[in-house]
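What follows is one structure encoded as structure tokens, with my remarks underneath.
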Amino acid sequence: MKAISKLKSIASASPSRSRSLSLVSIGSRNVPASSFSSLLDEFTNFCYQRDLPRAMKAMDAMQRHGIWADSITYSELIKCCLARRAVNEAKLVHNHVFSNGHQPKTFLINILLNMYVKFNLLDQAQELFDQMPERNVVSWTTMISAYTNAKLNAKALKYLILMLREGVMPNMFTYSSVLRACDGLLSLTQLHCSIIKAGLESDVFVRSALIDIYSKLGELQNALGVFNEMVTGDLVVWNSIVGGFAQNSDGDEALNLYKRMKRAGFPPDQSTLTSVLRACTGLALLELGRQVHVHVIKFDQDLILNNALLDMYCKCGSLKDANFVFTRMLEKDVISWSTMIAGLAQNGFSREALNLFQSMKDYGAKPNYITILGVLFACSHAGLVEDGWYYFQSMKKLFGIDPGREHYGCIIDLLGRAGKLDQAIKLINEMGFEPDAVTWRALLGACRVHRNVDLAIFAAKQILKLDPEDAGTYILLSNIYANSQRWDEVAEVRRTMKAKGVRKEPGCSWIEVNKQIHAFILGDNSHPQIDEINSHLNQLIHRLMGLGYVPDTNFVLQDLEGEQSEDSLRYHSEKLAIAFGMISMSRGKTIRIRKNIRICGDCHIFAKLLTKMEQRTIVIRDPIRYHHFQDGVCSCGDYW
DNA sequence: CTAGGGTTAG
């Protein structure tokens, strides 16, 4: 406040104010006006020519003679400084326009403010802002936007309030900035009301910002409400709503909106396609993803879009396509490498993943937190205990990354799977993080592989303490008890589930055939070809049994999708989907299935034997990993 | 002079 009053007094005393008729402000009486004006002309020309060195020299001379140019000329000079990232020159301009008590217009100070923001010098911007004798909506918006971009949400919201208190009305620029600073529904609702009151809800920038922030807070119905409020003629508004659903794992709705968008006559751009690919990724829609790929070619070297395409192919289990995209990408960033490494690992190609990690380092790319996770995942799923342990131990030293909870999770998985359950428990105790549900699930997974019932019960109980809604774990626990005839405990688990209102999500498998998605659920007979499917499935089971297949009725430590009986096992959703794929797809085509629950041991054996008997390839993606079945073996090496 | 949309894990 002191600084402001000081500046104000200087401003009113400044001689330049009373001589504002000419562009030249004269601070000295001994020099003829004509030479001032030629100096000024020179300076102006250099600024417009973007000749920074000469402009700076001319500015220096002007400062000695107490001459100032008009704000537009300075703004040209500042643009030039920004383009060249000339911070020191920019500061000299700042000093110059305030020299000898000269008081620049608010317009020009705003430009200086914005300049500091763009140079990421927030402290300097703040200092200048504090000194401004007069702050208009642009000054406030510049600061708010700066704080929003710096993720200083509280500060951004505080500045909105201060601005209102000073009686400055926010405009659409202000709202589209400050909306991004909302981190709770309360502040967002308040802002939304103010926007409506100010009559700004139809502004496309405000609308897209509203949709985006509602989506980021998971309030998709509100986002959709804003979107449906009025028809939009703006691509970004469309992209916001499509992206909102894609990022909230509602691929179906994202794809519906995308269809609506195309019907409305909007050609998709990079951002749209990135979201659409993400939706395909979540739903494992390889064929639709391929169709989108055709549009992607138009935006050939867009890095983000290519990364999304790469991920889509990985998560749809088509490593051939993923490799094709990856090798053709001229520009690769850490996300491209991480995506490909994790993609190979999840699909069971651990060796390839580790080789690619080596290539990445040879190439000179710097791994990040997520890259290392992919590497550790590769090691754990290939049983490469020593490699994994080495990377885990040396990640800090080699890559400067501290192991996080997720890294510990991978290593617990690695040790657990390798049968080193004691070491895994030791690590949980030593890791310096409070173990979370994911940590205990890693241990539980290891118990499943090694059939360690007691430890499994312990881990399952820990999971339920931390995540009391986890239906799968209740079922698993109840199955364990049932298997040991501990009926009281079975009943107890069931009672808890009922009391908490936890219901098991039904196991479901999806398969995409001829651009149609077919869903199968155990016991659901609504598919039009269900009789044909059941009869084909029975035939397959019968023929496989003739070749030695025995349904695996050991249900212990398995989170089954239905009741425990051989008969229901027979109709697990993935078996139905496989049978359907066999009768509806030509022999050379890979049968690709996505399911929402992990594959059970019986279906795994079934699929393996089937690929041998029928010479087909089957890919099943479960929530954690991928199984590529071919010629009687699975890419997971029976290790999942 | 100030504003909006897209990618890796969990």
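The analysis underlying the following values was restricted to heavy atoms, covering all of them including side chains, and did not include hydrogens, waters or symmetry mates. Protein chains get the first letters and strands the later ones, always in sequence-line order, with residue 1 at the start of each.
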Practice problem: Record whether the side chain of A:S338 comes under 3.5 Å of the base of B:dT8 through a donor-acceptor pair of N or O atoms. | Solution: yes
Exercise. Just call it for A:D203: base, sugar-phosphate, or nothing, with non-hydrogen atoms closer than 4.0 Å on any strand.
Key: base
Quiz item: What nucleotide, of B:dT8, B:dT7, B:dG6, holds the atom closest to the side chain of A:K315?
Solution: B:dT8
Quiz item: Less than 6.0 Å separating the ring centroids of A:F326 and A:W337?
Solution: yes
Quiz item: Hey, are the side chains of A:F129 and A:Y159 touching, using non-hydrogen atoms and a 4.5 Å cut-off?
Solution: yes
Quiz item: Is any side-chain heavy atom of A:M132 less than 4.5 Å from a side-chain heavy atom of A:N110?
Solution: yes
Exercise. Just grab all the side-chain hydrogen bond (donor to acceptor under 3.5 Å, both in side chains) pairs involving residues 240-256 of chain A, residues at least two apart or on different chains.
Key: none
Quiz item: Which listed nucleotide (B:dC1, B:dT7, B:dA3) is nearest to the side chain of A:I304?
Solution: B:dT7
Practice problem: Tell me what A:V204 touches on the nucleic acid: a base, only sugar-phosphate, or nothing, going by heavy atoms under 4.0 Å. | Solution: base
Quiz item: For A:R180, which contact category applies under a 4.0 Å heavy-atom criterion: base, sugar-phosphate, or nothing?
Solution: sugar-phosphate
Quiz item: For B:dA9, does OP1 or OP2 lie under 4.0 Å from any side-chain N or O of A:R405?
Solution: no
Quiz prompt | Any donor-acceptor N/O pair under 3.5 Å between B:dG6 base and A:N307 side chain | solution = no
